[in-house]
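Structure record follows, encoded as structure tokens.
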Amino acid sequence: EYVSSIKGYNNKLYLGIQNSGFAIYDNQNKITKQNFDKDIDETRDLLVYKDQVFVSDYKGPFFQYNLKTKKVKESPWVFVKSIYPFTKDDILITNFLGAHRYNIKTGEYSKISKLKSYTAIPFHKDSIFNGNFKDLYKVNINNQTETLFLKEMYFNEIVPLSKDLYAGASNTKGVIIFNRNKIIKVINTSNGLKDNQILSLNVEDKNMIWASSTQGLYRITLSPTIQIRNFSVADGLFSNIVNASFTKGDSIYIGTKNGL
């Protein structure tokens, strides 16, 4: 199975699966697929939040699955690229129409940014980082002011490392460590990566991240000096195309083109 994303919730893993929506991996190592009876091409992103699973189809609709009622709600929004928790009742979603907040109780949407959006993450109660297919912007959600922050980054994902410290998975420049004001570190082919295309990031702690790529999985220690180890099919992976990873206790779960 093509595993596109992995998220944890209530001691279970939720897997984005090609052509199948998502699957639940439980404590007994059992995988249960949750089919929507819909034509899903590929799960682009997945979020489990407040007993609900939000699934974006790479080429189609956005789904909301209630874990308690087992009911599926299909949104009119399409081509959603990323999903992220925002406020108590809101999530942040992005697509070619911009960045939006979606209320999970009322189903209401409101636009935050009109920029074509690929990934977004809040960094203040009234501000978000919003990345399009090229640059990263700071966006004030109150007045929708958009300020160019980092040029030509093409972030596939941004994750928080600690308060006011973030890591970005760049499609062209490796792993970028930055705060609200500037770039702190750049990790690329010049200091240990095999190439500069990073698909996603998994934070084990503020000093260690796992970076998924088409050249396997990287374990990156950030300090006191940058240390990098690459894991590939030679180490037992099903494929060198790694889409996502998730750490749980002393184990790491790795989602590849050919399975978990």
Side-chain angles (χ1 to χ4, degrees), residues 1-18 20 22-34 42-49 53 55 82-85 119 121 155-162 165-171 174-177 185 187-188 191-260:
E1 295 276 10
Y2 185 105
V3 180
S4 59
S5 59
I6 309 174
K7 299 293 170 64
Y9 185 77
N10 283 351
N11 214 29
K12 296 179 181 179
L13 296 184
Y14 290 75
L15 315 176
I17 304 292
Q18 191 175 34
S20 301
F22 74 96
I24 300 174
Y25 184 83
D26 63 24
N27 295 329
Q28 284 72 47
N29 299 324
K30 179 183 178 182
I31 295 180
T32 304
K33 286 186 178 181
Q34 305 293 320
E42 177 186 331
T43 300
R44 174 66 181 85
D45 199 8
L46 181 150
L47 171 69
V48 191
Y49 188 60
V53 184
V55 179
S82 68
I83 319 167
Y84 199 86
T119 186
I121 183 174
F155 284 130
N156 286 317
E157 184 178 30
I158 302 170
V159 295
L161 291 175
S162 60
L165 190 65
Y166 304 87
S170 171
N171 204 52
V175 178
I176 312 297
I177 310 299
K185 293 180 181 179
I187 303 165
N188 55 27
N191 51 10
L193 299 187
K194 291 187 176 183
D195 73 10
N196 289 330
Q197 184 183 30
I198 301 299
L199 303 179
S200 68
L201 295 171
N202 165 33
V203 179
E204 183 167 331
D205 57 50
K206 65 179 181 181
N207 192 46
M208 183 177 291
I209 57 178
W210 297 81
S212 301
S213 79
T214 58
Q215 302 295 321
L217 181 69
Y218 297 99
R219 185 182 65 194
I220 303 173
T221 303
L222 298 175
S223 64
T225 59
I226 294 174
Q227 299 179 42
I228 300 173
R229 180 178 174 184
N230 176 260
F231 297 87
S232 66
V233 292
D235 301 292
L237 297 187
F238 293 142
S239 169
N240 282 336
I241 300 178
V242 178
N243 298 307
S245 69
F246 186 86
T247 46
K248 181 181 177 183
D250 58 359
S251 299
I252 183 164
Y253 298 85
I254 303 168
T256 77
K257 177 183 178 181
N258 295 327
L260 180 69

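Scanning both residues, Ile198 and Ala211, for their nearest heavy atoms gives CG2-CB, 4.0 Å. Among all heavy-atom pairs drawn from Leu201 and Glu157, the shortest one is N-OE1, 2.8 Å. Annotation for Ser239 and Lys257: closest pair OG-CB, 3.8 Å, computed over non-hydrogen atoms. The nearest pair of heavy atoms linking Tyr218 to Gly192 is CE2-O, 4.4 Å. Nearest approach of Gly174 to Leu193, heavy atoms of both residues: CA-CD1, 3.9 Å. Across Lys7 and Phe246, no two heavy atoms sit closer than the pair C-CE1, 4.2 Å.
Between the side chains of Asn156 and Asn171, at least one donor N or O sits under 3.5 Å from an acceptor N or O.
Note that the OG1 atom of Thr256 and the OH atom of Tyr2 stand 9.5 Å from one another [nearest 0.5 Å]. Atom CG of residue Leu15 and atom OG1 of residue Thr32 lie 10.5 Å apart, to the nearest 0.5 angstrom. In this structure, the separation between CD1 on Ile176 and CG on Asn188 is 7.0 Å, given to the nearest 0.5 Å. Expressed to the nearest 0.5 Å, how far CD1 of Ile220 lies from NZ of Lys185 amounts to 11.0 Å. To the nearest 0.5 angstrom, Ile83 atom CD1 is 13.5 Å from Tyr49 atom OH. Distance check: Asn196 CG to Ile187 CD1 gives 11.0 Å after rounding to the nearest 0.5 Å.
Residues Ile24 and Tyr14 meet the side-chain proximity criterion, which asks for heavy atoms closer than 4.5 Å. In this structure, the side chains of Ile226 and Thr221 stay at 4.5 Å or more apart for every pair of heavy atoms. Residues Val203 and Pro160 form no side-chain contact, since every pair of their non-hydrogen atoms from C-beta on lies 4.5 Å or further apart. The side-chain heavy atoms of Leu222 and Leu161, taken from C-beta on, include a pair separated by under 4.5 Å.
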Report the C-alpha separation of Lys194 and Thr214 in whole Å, then their side-chain angles, then the decisive distance to 0.1 Å, and conclude whether the side-chain contact (heavy atoms from CB on, under 4.5 Å) test is met.
-> CA-CA 10 Å; Lys194 291 187 176 183; Thr214 58; over 6 Å; no
Just do the side-chain contact (heavy atoms from CB on, under 4.5 Å) check on Asn11 and Lys248 with the steps written out, would you?
-> CA-CA 9 Å; Asn11 214 29; Lys248 181 181 177 183; 3.3 Å; yes
Decide yes or no on side-chain contact (heavy atoms from CB on, under 4.5 Å) for Leu260 and Ile6, but give the supporting numbers first.
-> CA-CA 9 Å; Leu260 180 69; Ile6 309 174; 3.8 Å; yes
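Under a 3.5 Å cut-off, the side chain of Ser245 and the backbone N or O of Asn202 do not form any donor-acceptor pair. In terms of modelled atom types and a separation under 3.5 Å, the side chain of Asn230 and the main chain of Gly216 share no donor-acceptor contact. In this structure, the side chain of Asn243 does not engage the main chain of Leu199 through any donor-acceptor pair within 3.5 Å. Counting only distance, with no hydrogens or angles, the side chain of Asn258 and the backbone of Phe238 share a donor-acceptor pair below 3.5 Å.
Counting heavy-atom neighbours within 6.0 Å of Lys12 NZ, excluding the residue itself, gives a total of 12 or less.
For the ring-ring contact (aromatic ring centres under 6.0 Å, His included) test, residues two or more places apart in sequence or in another chain that qualify with Tyr253 are Tyr25.
Residues in residues 203-212 take part in these side-chain hydrogen bond (donor to acceptor under 3.5 Å, both in side chains) pairs, two or more places apart or across chains: Ser200-Ser212, Glu204-Trp210, Asn207-Ser223.
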